Amino acid sequence: MDRYTPSLIEPKWQAYWAAHHTFKTPEDPALPKKYVLDMFPYPSGAGLHVGHPEGYTATDIYCRYLRAKGYAVLHPMGWDAFGLPAEQYAIQTGTHPAITTQKNIATFKRQIQALGLSYDWDREIDTTDPQYVKWTQWIFLQLFKRGLAYQTETPVNWCPALGTVLANEEVIDGKSERGNHPVVRLPLRQWMLRITAYADRLLDDLGMVEWPDSTKTMQEEWIGRSEGAEVNFPLADGQGSLEIFTTRPDTLYGVTFMVIAPEHPAVATLTTPEQRAAVDAYVETARNRSDLDRKAAKEKTGVFTGGYAIHPLNGQRVPVWVADYVMMGYGTGAIMAVPAHDQRDFEFARKFGIPVIQVVSADGKLIEDDMTEAMVEQGVAVNSGPYDGLSTAEFKRKVTDDLEAKRQGKGRIEYRLRDWVFSRQRYWGEPFPIYFPVETSGDPRKGDAHTIRYDQPIPLDESELPLRLPDLKDFNPGEDPAGTLARAVDWRFFQKDGKWFARETNTMPQWAGSCWYYLRFMDPKNPAAAWSREAAQRWLPVDLYVGGAEHAVLHLLYARFWHKVLLDSGYVQVPEPFAKLVHQGMILGEVEYTAFRVNGAWVPKEQVVAHPEGGYRHKVSGEEAVPERISEEATEKKGPHIVLKAEPSITVEARAFKMSKSRGNVINPDEVIREHGADALRLYEMFLGPLEATKPWSTTGIQGVSRFLERCWNLGQKPVSAAAPNDELLRLLHKTIRKVGEDIEALRLNTAISAMMILLNELAKADPLPRQGVETLVRLLHPFAPHLAEELWEGLGHAPSLQAVAWPAFDPALCVDAQVVVAVQVGGKMRGTIQLAPGATQDEAVAQARTLDSVQRHLEGKTLRKVIWVQDKLLNLIAG
RNA sequence: GCGAAUGUGGCGGAACUGGUAGACGCACUGGAUUUAGGUUCCAGCGGCUCAGGCCGUGCGGGUUCGAGUCCCGCCGUUCGCACCA
């Protein structure tokens, strides 16, 4: 008997599928469609990670299943190939990023193909391909023409180490998300995309998609809509007014001071000569404070400007302070401070001795003298003149109307969401299809004096797309914040009709390519349009989108934004791009065992506590505890603990960590395939647990599924009988068909596999082995372990490919057992089981249950008071 | 601090609308076949036990004939957000 040898059968079937275009997207418009998409990878130099195949295998199983169910399936793959690593490599080595990128793509493609994934490779996309860049630029022009792309001189997050500006969301705790470099604020000319214009729709339309609640919540919070009012406080000196935003206009009578951000333009006009020096010093300090410092500060700081505003309702003079707890970037950069009902204002007022006036009360009583913190709950208005007695909600409504009538304010909706900083000062990105007039009397390429009129951007004509990157030798961003491309003077400056013009030297961020790749996949080779109207009508929306939760906000929000712009322009017809979204969980490294030593002697892990500043401490002595990695062989289980074999009183910690190069726990898919085969890798990753869960890799665990595949193989080598399966096996076949199908549709792939394992265990016992049984197993196995399934199918005398064979059907009548096992309880406690025909009556069940010894024992001397009967499941006898 | 997710054997995990907790697999133990095994097959495998049972799904309460599942209050872990007015 031949042995199961994945290294022989896997390449064979991969070659077969490629030669026969097995996974080519069907053109037939009569077939029902499904568009199943994986988040395409950035082809890094490190190659594929075991995390990648997890989501890819899940969608592959789903697609193979859908094809067998008769769907036309669009399942493409491509490369998100612009990005910093290739450029940084280029800076170090001088290798052009395009070369590195192509090399990495080749590696990724080889690795992905070795997994036997059923992509339609005719639709492969590379975001750096000029034919793709052309349409990315074209979409930018649509945004520009609709007034959604604009330039602004704005303080941006400049990262000197990366030589680039980062979006707010790419900065975490004052450091760059990529590389963890310090970030400073620097005013720079930037392209912005007006995503805030779509804030409401991006928020509301979340109701239309089937996404994880956690992701929807994160997007909602990111957009951060809050309803309130804008109120004008006239300045006491009669010069204009101060506009504030508040979500609590009902607390207007509690205003005892106002605060403006240090960057607020009114700082200059409000500050009195006496206060000037103090204010200037404060503003200067605040400006130099990084976001990190501002955040870390526990104490509120601020300075009185000396200026006053007039309260719009009671006409009182309100002092205006400047403090950095108010941000210029949110609302109007100025607030009315209500210390009684806002914790931040409360802290500030207490520190600077400003009065606190309570204007909301839970029960009508005043507690302001005893306040230790702000009362932020809603309630009933007090101390509020004509509004006394109103509920918070009524007050808000009424006072907003009143202010509007007096032209002193109006209802306003504010968003946390900011416009999107869309330019980068880098080389390896899409150039903007924009140029500017140049005022010069010489030749700007030669360094002659010139002025670029950035205020007069001109869109490139569509016929001139794509605008390609210039070929450079030195990719360093250099000191010029205008970007790497500023040095490519021959590319940058050009003459038209005798006049000089300058191209935009910024490039687009990596998001640009990934914002619309799902659209290009529908019609990837179209030379005349980004995609055709017919393709959009045929394929949108994406029915299932699978990718990491790390993209929960940014990529998914940006893509939705572009999609809605394209909807408004008439290029797509559905409001949301991704109907259903699933995040695959992370695969952690193998479990590691750690024991701790204090002064050289082992201590149990319970005595060790993590120190807030890193490292570990001994709980008892307070001395440093030194962690030491222990091999699995040196440990054993003892009751509920894992202990050192050599010293069983010492408990050890067992934990899995994120895979990382530095930790040395990275599993390479190539090696797993070499040792166990692609089918085993696929199956193992699916069997590990629920798709969405974070789960640790286990090298011994993969042997379990390897063994399962071998046993499937061995079954396929046995002679089969044409005889029908016996009744019990037949029922199991039908139940398994139903279970596997339902589980695939719900992406519960782990339980689908265990159902197939159960079926295999039964088939292995069957003698003779019915052909129908083996064939059913092979057909069910096909989406999961396609190479083995194809091989076995061929061995059973069928012509390939199994993908063309319809998914097996089940008979619901055969999905129930001939006899059901019913649980018998006495007083709610399990006392045994009885076998009954499905549909048996309660009386039959009670009669049979009474014959059980354990039931008789517990009913002895008692009378039966009540019977709980759950049809075909459970009988509970209550006695007393 | 706020928000979300999550907690079940030694391990990964099962358990449909409240109804036999631990499916399936790993590891482990015993046995059979084998020259050999990182092979195959069979059996066992939550804890305690006076062998009848008792206890057991992070902890403490509650609802119910019956709770992993529902309710209330805690604790741990993970992930977001973090002076958003």
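Every chain is numbered from 1, with letters handed out A, B, ... down the list of sequences. Just so we're clear, the structure is a prediction, and the values are computed from it rather than from any experiment.
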*Could you check A:Thr736 against A:Ile758 for side chain to side chain contact (heavy atoms under 4.5 Å, CB included), going step by step and ending with a plain yes or no?*
CA-CA 9 Å; A:Thr736 309; A:Ile758 293 169; over 6 Å; no

*For B:G47 versus B:U57, give the span between their P atoms, rounded off to a whole number of Å.*
15 Å

_Rounding to an integer number of angstrom, what distance separates B:U20 and B:C72 when you compare their P atoms?_
25 Å

*Counting just side-chain N and O atoms, does A:Arg416 come under 4.0 Å of either OP1 or OP2 of B:A85?*
no

*Indicate the ring-plane relationship of A:Trp321 and A:Phe257, choosing parallel, tilted or perpendicular according to the 30° and 60° boundaries.*
perpendicular

*Do you know the tightest heavy-atom contact between A:Ala845 and A:Leu836?*
CB-CD1, 3.8 Å

_Base versus backbone protein contacts along nucleotides 30-43 of chain B [heavy-atom cut-off under 4.0 Å; B, S, -]_ = --------B-SS--

*Are A:Glu592 and A:Arg663 within salt-bridge range, i.e. N to O under 4.0 Å?*
yes

*Side-chain N or O of A:Asn750 less than 4.0 angstrom from OP1 or OP2 on B:C24?*
no

N/O contacts under 3.5 Å, protein versus nucleotides 66-71 of chain B?
none

*Is RNA chain B part of any stem, that is, at least 3 consecutive Watson-Crick or G-U pairs with both distances under 3.5 Å, and where?*
B:1-7 with B:75-81, B:10-12 with B:24-26, B:28-32 with B:40-44, B:46-48 with B:53-55, B:58-62 with B:70-74

*Is any side-chain nitrogen or oxygen of A:Lys695 closer than 4.0 Å to OP1 or OP2 of B:C26?*
no

*Counting side-chain heavy atoms from C-beta on, which of B:C81, B:C84, B:C24 comes nearest to A:Ile758?*
B:C24

